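All remarks here apply to the structure that follows.
No experiment lies behind these values; they were computed from the predicted model shown. Values below: every heavy atom of this structure, side chains too, minus hydrogens, waters and symmetry copies.
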Amino acid sequence: MGKQFGDRRDGKYLRKISSMHAIMPLMYPNRCDNEAFISERIDLTNINAYLKEKNADNPAYAYNLFQIIVTAVLKVITLRPKMNRFIANNTMYMHKEISASFTVKKIFTDDGAEALAQIRVNGTETIDDIHNEIFRQVSFCRSDK
């Protein structure tokens with residue numbers, strides 16, 4: 001499906017949304033008007049065991065909690081498309097692509113330079129794919145290129 005009238009470069013205009021969702025941008029015109037927070041304790045015992053198993057072969061770039069969180073967030077957004085929406089100019093859109101961005105320190109000092117890494121996914125990636133892409137991005141960001 002190609003670009004239609006009303007679509008943006010980064011998003012598809014949502015034409016069929018519920019009435020409640022249609023009026024939300026009018027009720028909350030500013031970005032931070034409506035935020036939801038949750039405080040939850042999560043038992044990481046199984047995740048730590050999984051990481052220990054994945055790192056048993058002592059890879060050069062070990063699996064870590066950050067990679068698991070990035071993979072989980074990307075998978076949730078892929079499986080729950082309604083979480084992939086944004087509002088611009090009182091209009092609701094769905095992002096055309098799913099991505100995660102993070103900052104990479106070139107060297108671990110307080111005044112060390114930083115670079116921005118971005119991972120784009122299509123929804124079929126596994127933890128191994130995300131692990132390898134994060135490694136590629138971090139290596140590239142820390143290089144002189």
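Residues Ile38 and Val76 are members of separate hydrophobic clusters, defined by side-chain heavy-atom contacts under 4.5 angstrom among Ile, Leu, Val, Met, Phe, Trp and Tyr. Under a hydrophobic clustering in which Ile, Leu, Val, Met, Phe, Trp and Tyr are joined whenever their side-chain heavy atoms come within less than 4.5 Å, directly or via other members, Val138 and Phe108 fall into different clusters. Linking ILVMFWY side-chain heavy atoms closer than 4.5 Å, directly or via other members, places Val70 and Phe135 in a single hydrophobic cluster. A chain of hydrophobic side-chain contacts below 4.5 Å, direct or via other Ile, Leu, Val, Met, Phe, Trp or Tyr residues, connects Ile69 to Tyr50.
Counting all heavy atoms, side chain and backbone alike, Ile17 lies closest to Met92 at CD1-CB, 4.2 Å.
Separation of atoms CE (Met94) and NZ (Lys82) is listed at 9.0 Å; rounding is to 0.5 Å. Once rounded to the nearest 0.5 Å, the distance linking CG of Leu79 with CG of Leu74 reads 11.0 Å. Taking NE2 of His21 as the reference point, atom CD1 of Ile23 lies at 10.5 Å (rounded to 0.5 Å). The line from CD1 of Ile47 to CD1 of Ile68 is 5.5 Å long, rounded to the nearest 0.5 Å. To the nearest 0.5 Å, atom CD of residue Glu125 and atom CD1 of residue Ile127 are 11.5 Å apart.
Qualifying side-chain contact (heavy atoms from CB on, under 4.5 Å) partners for Arg41, counting only residues two or more places apart in sequence or in other chains: none. Glu133 meets the salt bridge (Lys or Arg N to Asp or Glu O under 4.0 Å) test with Arg136; sequence neighbours excluded.
Thr91 contributes a side-chain N or O that, together with a main-chain N or O of Asn89, makes up a donor-acceptor pair within less than 3.5 Å. A donor-acceptor pair is defined here as one N or O able to donate and one able to accept, closer than 3.5 Å; no such pair exists between the side chain of Arg8 and the backbone of Tyr13. Looking only at distances, no side-chain donor or acceptor of Asn84 sits under 3.5 Å from a matching main-chain atom of Pro81. At least one donor-acceptor pair under 3.5 Å links the side chain of Lys106 to the backbone N or O of Cys141. Lys105 places a side-chain N or O within donor-acceptor distance of the main-chain N or O of Thr109, the cut-off being under 3.5 Å.
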Quick one: side chains of residues 113-122, donor-acceptor pairs under 3.5 Å with protein atoms, not counting sequence neighbours, listed by atom name and distance.
residue, atom, partner, partner atom, Å
Gln118, OE1, Arg120, NH1, 3.4
Gln118, OE1, Arg120, NH2, 2.9
Gln118, NE2, Ser99, OG, 3.4
Arg120, NE, Glu97, OE1, 3.4
Arg120, NE, Glu97, OE2, 2.6
Asn122, OD1, Thr124, N, 3.0
Asn122, OD1, Thr124, OG1, 2.8

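The only option from Asn132, Ile134, Thr126 that meets the side chain to side chain contact (heavy atoms under 4.5 Å, CB included) definition with Ile130 turns out to be Ile134.
In the model, Tyr63 has a side-chain atom that pairs as donor or acceptor with a side-chain atom of Asp128 under 3.5 Å.
The closest side-chain heavy-atom distance from Gln137 to Val104 is not below 4.5 Å. You'll find the side chain of Leu65 reaches within 4.5 Å of the side chain of Leu44, heavy atoms only. Between Arg85 and Leu14, the closest side-chain pair of non-hydrogen atoms falls below 4.5 Å. Considering only heavy atoms from C-beta on, Tyr61 comes within 4.5 Å of His131 through its side chain.
Within 6.0 Å of CZ on Arg80 lie no more than 12 heavy atoms contributed by other residues, nucleotides or ligands. Counted within 6.0 Å of CZ on Phe86, heavy atoms from surrounding residues, nucleotides or ligands total more than 12; the atom is thus considered enclosed.
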